[in-house]
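Right, one structure below, let's go through it.
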Amino acid sequence: VKSFIFSIVISVGFLMLTLRAIRRRKLQEHQSVIWILVALGFVVLSLLLPFDVVGTISHFFGIAYPPNLILLVSILFLIIFVFQLSIAITKLAARQKEIIQMIGLMSIERPEVEIPGRDSQEGFGTTQDNEGSE
Amino acid sequence: MRSEDDPTDSTHLFEQTCVIIPALNEEQTIASVIDSVRKGMPESHVVVINDGSTDSTERKAREHGATVISLPINIGIGGAVQTGYRYALTHGYRFAMQIDGDGQHDPSEGRQILFPLVENDMDLVVGSRWLGRGDYVAPKGRRFGMRILASLVDWRTGGSFTDTTSGFRVVNLRAMSFFASNYPTDFPEVESLVLASRHGLKIQEVPVKMAEREFGRSSIAGIRSAYYMIRVGMALIVGSLSKEDS
């Protein structure tokens, strides 16, 4: 009974965390769907704890020790999720490179656009006499 | 005397050439590099791609008459050089030459590496420090590493390269427009050779002199070189797996 209450508290807590993050717009829609499903999954699993659902399913798959099923599913989920994140990062990096190149090229065409810069406090306005031989 | 329409007349060639100098914190050398480009190839147009330098590279480059494209955030040499290709492409240059901002290359040899583009109808010409010109010496380990790199590239391309990490190179319009939309970011010098060759571009190496780096350390030096080799090898293999996007 203790572990039942414990797991319900944790999974409901996680669900609330997820909802809070979504409300504060810290998660994209696409990502939030995944996390709501995960959180709901936790809640359902905890609620079903007394009925030994996990044990039944493990038995069906021939897994002798039921917690292993949960571990297996979790790890698979994490691997797939990290893989998806890795793809997303690659895409973001390519887009970011594109944008940075664009900003650089545009600042040549329109020197009045100031780039939040490092070296020069004087900005670009002072040095636009270099558009010589073209 | 060469005539006006002699296609190998260097004045004529330089006029159509955009010299791209990628620079990250090269305030010590950038001015002299620009000056020697303007001396060696007076008619060329010099563009410095300032890849997020935190020193006075940008100011010095402007003071010495270069067009400076400043990238707000560092994106690495591959992205910087590609920015240069894009600039050269949209501004109607026929040739784009890459020269490192650290003073390693000698712009007075610009003529030699430009030549094969017109004379042999090459698409990409790379200056190699190992073909007998100059007296470049590298530590044994580094030299050995570069040999391995070269044989890796040879294996992927079927060519016979000697200096795959050379950043002294020039492209014609065809290679320029290809690179403007496809340029590797991880190990651009090496990977671009394989990429270009897979795209059917013709590549030639010509002998050049190269100085030891005047300031700073080469990104290949140090104990990480073995790890570097493994990563380049992986990148080349992975690159060969990937489909060409154009």
Side-chain angles (χ1 to χ4, degrees), chain A residues 21 24-31 34 75-134, chain B residues 14-19 22 24-25 27 34 38 42-76 78-93 180-181 183-186 245:
Chain A
R24 297 190 174 178
R25 294 166 191 275
K26 284 184 175 167
L27 271 178
Q28 286 178 308
E29 232 166 286
H30 171 67
Q31 305 282 330
I34 294 172
I75 292 172
L76 278 180
F77 169 76
L78 287 179
I79 289 177
I80 293 170
F81 191 66
V82 169
F83 184 64
Q84 192 246 331
L85 285 182
S86 184
I87 290 175
I89 289 173
T90 305
K91 195 167 148 192
L92 286 177
R95 287 183 177 178
Q96 187 200 41
K97 186 191 82 172
E98 196 90 5
I99 292 169
I100 292 171
Q101 291 180 329
M102 210 72 118
I103 292 174
L105 289 166
M106 274 162 61
S107 72
I108 288 289
E109 313 302 335
R110 299 183 52 199
E112 74 271 17
V113 177
E114 215 165 295
I115 292 179
R118 332 194 115 66
D119 164 46
S120 52
Q121 271 115 359
E122 72 267 24
F124 284 79
T126 49
T127 47
Q128 27 177 298
D129 51 328
N130 42 43
E131 283 278 72
S133 48
E134 274 175 31
Chain B
F14 295 158
E15 269 171 1
Q16 299 170 302
T17 303
C18 179
V19 178
L24 170 60
N25 295 335
E27 63 178 359
I34 295 170
R38 291 164 76 85
E43 296 83 7
S44 66
H45 183 62
V46 184
V47 179
V48 171
I49 315 293
N50 170 29
D51 189 13
S53 298
T54 50
D55 63 4
S56 60
T57 299
E58 172 173 354
R59 188 170 47 80
K60 290 203 166 142
R62 282 191 203 282
E63 280 169 6
H64 285 256
T67 295
V68 180
I69 298 178
S70 267
L71 304 174
I73 300 171
N74 175 274
I75 56 172
V81 168
Q82 187 180 37
T83 310
Y85 286 145
R86 290 189 170 170
Y87 176 89
L89 193 65
T90 50
H91 287 75
Y93 290 96
S181 44
Y183 205 70
T185 48
D186 292 347
D245 48 333

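Here the structure is a predicted model, which means the values were calculated and not measured. Below, chains carry the letters A, B, ... as their sequence lines are ordered, and counting in each starts from 1.
- Asp51(B) contributes no side-chain N or O that, together with a main-chain N or O of Leu24(B), makes up a donor-acceptor pair within less than 3.5 Å.
- For Ser86(A) (side chain) and Val82(A) (main-chain N/O), no donor-acceptor pair under 3.5 Å exists by modelled atom type.
- Annotation: side-chain contact (heavy atoms from CB on, under 4.5 Å) contacts of Glu27(B) (sequence neighbours excluded): Asp55(B), Ser56(B), Thr57(B), Lys60(B).
- Once rounded to the nearest 0.5 Å, the distance linking CD of Gln16(B) with OG of Ser44(B) reads 12.0 Å.
- Residues forming a side-chain hydrogen bond (donor to acceptor under 3.5 Å, both in side chains) with Thr17(B) (at least two apart in sequence, or on another chain): none.
- Ring geometry for Tyr85(B) against Tyr183(B) counts as perpendicular: the plane angle is over 60°, on a 0 to 90° scale with 30° as the lower cut.
- Using a 4.5 Å cut-off between heavy atoms, Thr90(B) does not touch chain A at all.
- For chain A, no part of Glu15(B) is nearby; none of its heavy atoms comes within less than 4.5 Å.
- By the side-chain contact (heavy atoms from CB on, under 4.5 Å) test, Arg25(A) pairs with no residue at all, sequence neighbours left out.
- Heavy-atom distances place both the backbone and the side chain of Ile69(B) under 4.5 Å from chain A.
- Near-neighbour residues of residues 90-99 of chain A relative to chain B, defined by a heavy atom under 4.5 Å from a heavy atom of that chain, comprise Lys97(A), Glu98(A).
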